[in-house]
Peer 1: 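For reference, the structure I am asking about is given below.
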Amino acid sequence: MIKFLDIKKITDSYQPDIKKAVERVVSSGWYLLGEETSGFEEEYANYIGTTECIGVGNGLDALRLIFKAYIELGIMEEGDEVIVPANTYIASVLAITDNNLNPVFVDADINSYNLDLSLIEKYISPRTKAILVVHLYGQVCWSEELADLAKKHNLKIVEDNAQAAGAFGRSMDKGLRSLRRSGSLGDAAGHSFYPGKNLGALGDGGAVTTNDIELASVIRALANYGSQKKYVNEYKGLNSRLDEIQAAVLRVKLRGLDEDNQHRREIANYYFEKIKHPDVILPKLSSNVSSLISLDHVWHLFVIRHHDRTKLQGYLMNHDIQTLIHYPIPPNKQGAYNEYNKLNFPITQKMHDEVLSLPISQVMTMEEANVVVDAINKFYVLS
Ligand SMILES: *Cc1c(COP(=O)(O)O)cnc(C)c1O
């Protein structure tokens with residue numbers, strides 16, 4: 001069986017260091033808001049390239065807290081609008097609605113599967129306060145034009161970096177020095193360390209990164225009952241903390257993240273070179289470079305399209321190959337969002353009908369990739 005994602009094998013690849021890190025915390029007797037968390041925050045901020053990092057409970061909380069802090073700071077207020085891709089995981093949208101802000105959905109680009117940046121401007125109204133860009137499937141959604149547009153309309157750019165830990169924003173032929181990691185491109189970013197993400201903890205975890213010191217201090221307080229000083233509560237906060245064990249594990253795994261991502265690029269490259277089927281649509285690279293050196297993609301998911309993906313998925317299952325669908329139903333078509341069910345986004349809908357995610361990870365072998373390639377190339381649908 002080729003698993004979609006072998007998380008045990010990923011954890012094993014970091015042993016014995018993970019065991020040592022966990023043991024260090026267990027025997028320390030200190031489990032929250034301690035040295036491991038502050039150590040990870042410093043290391044992750046350094047890695048991403050921001051001055052501030054706040055460890056929080058999970059990726060959804062990271063995004064929720066960013067908007068909540070903007071509201072506390074008077075930069076946004078209830079009823080304001082936030083532009084969000086129609087094609088995303090529902091967490092991106094929940095972070096907005098949970099703060100009584102209104103999501104304004106914008107369709108995807110059929111080539112990148114990310115937010116279609118060329119459509120954004122016509123959705124901007126006097127109440128628009130932010131653009132939530134999602135680096136979906138691990139590919140950075142970013143351009144200098146987007147930054148200019150945000151500046152022109154005085155909008156915050158919030159990044160949902162849950163799927164793209166370690167990716168770089170593309171600079172237009174400006175050389176390596178102007179490369180910046182996703183998570184440092186906008187005004188603030190939410191990160192997820194859910195076990196299945198490229199940088200995964202052994203449970204829930206998340207972080208906010210930003211260069212905005214004031215925002216960071218409000219988020220740090222909000223995540224800790226709205227308190228900066230014990231028993232003094234400035235805000236109606238919540239409890240959302242990265243614990244010491246997860247932080248210690250993440251410190252170990254962060255050191256291997258770039259190498260892990262490079263292995264994912266090698267698998268992706270193999271798929272690009274070897275999958276040859278007239279009905280299978282491979283992802284498109286946004287730049288004219290090979291997937292091996294394309295730093296704007298960390299291949300959290302390798303998403304192909306097929307007009308009869310249910311059949312393809314069943315066929316691959318029969319060949320002991322696990323695949324998943326990211327995602328079968330867009331957020332605005334979910335029961336949770338009745339009020340938006342009537343909205344239609346043709347590209348997003350097409351994707352949700354056709355996408356299939358192939359196995360890919362930092363521990364997948366080339367032999368396994370070869371089995372996947374072989375099976376797909378022999379797939380034949382009688383029509
Ligand atoms: C996983 C994910 C989240 C939420 O992260 P959690 O840690 O599971 O709360 C948010 N946005 C996107 C795009 C994700 O993939």
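Quick caveat: nothing in here was measured; it's all calculated off a predicted structure. Whatever order the structure lists ligands and atoms in, that order sets their numbers, starting from 1. Counting from 1, the numbers follow the sequence of the chain as shown.
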Peer 1: Quick one: which ligand 1 atoms are inside 4.0 Å of a heavy atom on Ala162?
Peer 2: 2 (C), 3 (C), 10 (C), 11 (N), 12 (C), 14 (C), 15 (O)

Peer 1: Below 4.0 angstrom, N of the basic side chain to O of the carboxylate: do Lys151 and Asp148 qualify?
Peer 2: no

Peer 1: Quick one: does any side-chain atom of Glu159 pair with a main-chain N or O of Leu185 as donor and acceptor, under 3.5 Å?
Peer 2: yes

Peer 1: Which of the numbered atoms in ligand 1 are under 4.0 angstrom from any heavy atom belonging to Gly59?
Peer 2: 5 (O), 6 (P), 7 (O), 9 (O)

Peer 1: When you measure from the side chain of Glu78 to the backbone N and O of Asn100, does any donor-acceptor pair fall under 3.5 Å?
Peer 2: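 No.
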
Peer 1: So, are Arg264 and Asp260 salt-bridged, with charged N and O less than 4.0 Å apart?
Peer 2: no

Peer 1: Phe105 vs Phe345 aromatic rings, parallel, tilted or perpendicular, using cut-offs 30° and 60°?
Peer 2: tilted

Peer 1: Contact between His300 and ligand 1, counting heavy atoms under 4.0 Å?
Peer 2: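 No, that is not the case, since the closest heavy atom of the residue is not under 4.0 Å from the ligand.
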
Peer 1: Using a 3.5 Å cut-off on N or O atoms only, is Ser192 in polar contact with ligand 1?
Peer 2: yes

Peer 1: I'd like to check which ligand 1 atoms, numbered from 1 as shown, lie under 4.0 Å from a non-hydrogen atom of Leu60.
Peer 2: 4 (C), 5 (O), 6 (P), 9 (O)

Peer 1: For Trp299, which of Tyr137, Tyr270, Phe272 qualifies under ring-ring contact (aromatic ring centres under 6.0 Å, His included)?
Peer 2: Phe272

Peer 1: What residue and heavy atom of the protein are closest to atom 15 (O) of ligand 1, and at what distance?
Peer 2: Gln163 NE2, 2.8 Å

Peer 1: For Lys197, counting its heavy atoms only, list the atoms of ligand 1 lying under 4.0 Å from any of them.
Peer 2: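 With Lys197 as reference, the close atoms of ligand 1 come out as 1 (C), 2 (C), 3 (C), 5 (O), 14 (C), 15 (O).
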
Peer 1: Measure Asp160 to ligand 1 on non-hydrogen atoms and call it side chain, backbone, both or neither using the 4.0 Å cut-off.
Peer 2: side chain

Peer 1: Name the option, out of Gly57, Ala95, Ala91, that contains the heavy atom nearest to atom 10 (C) of ligand 1.
Peer 2: Ala91

Peer 1: Salt bridge check, Glu354 against Lys350: does any charged N sit closer than 4.0 Å to a carboxylate O?
Peer 2: yes

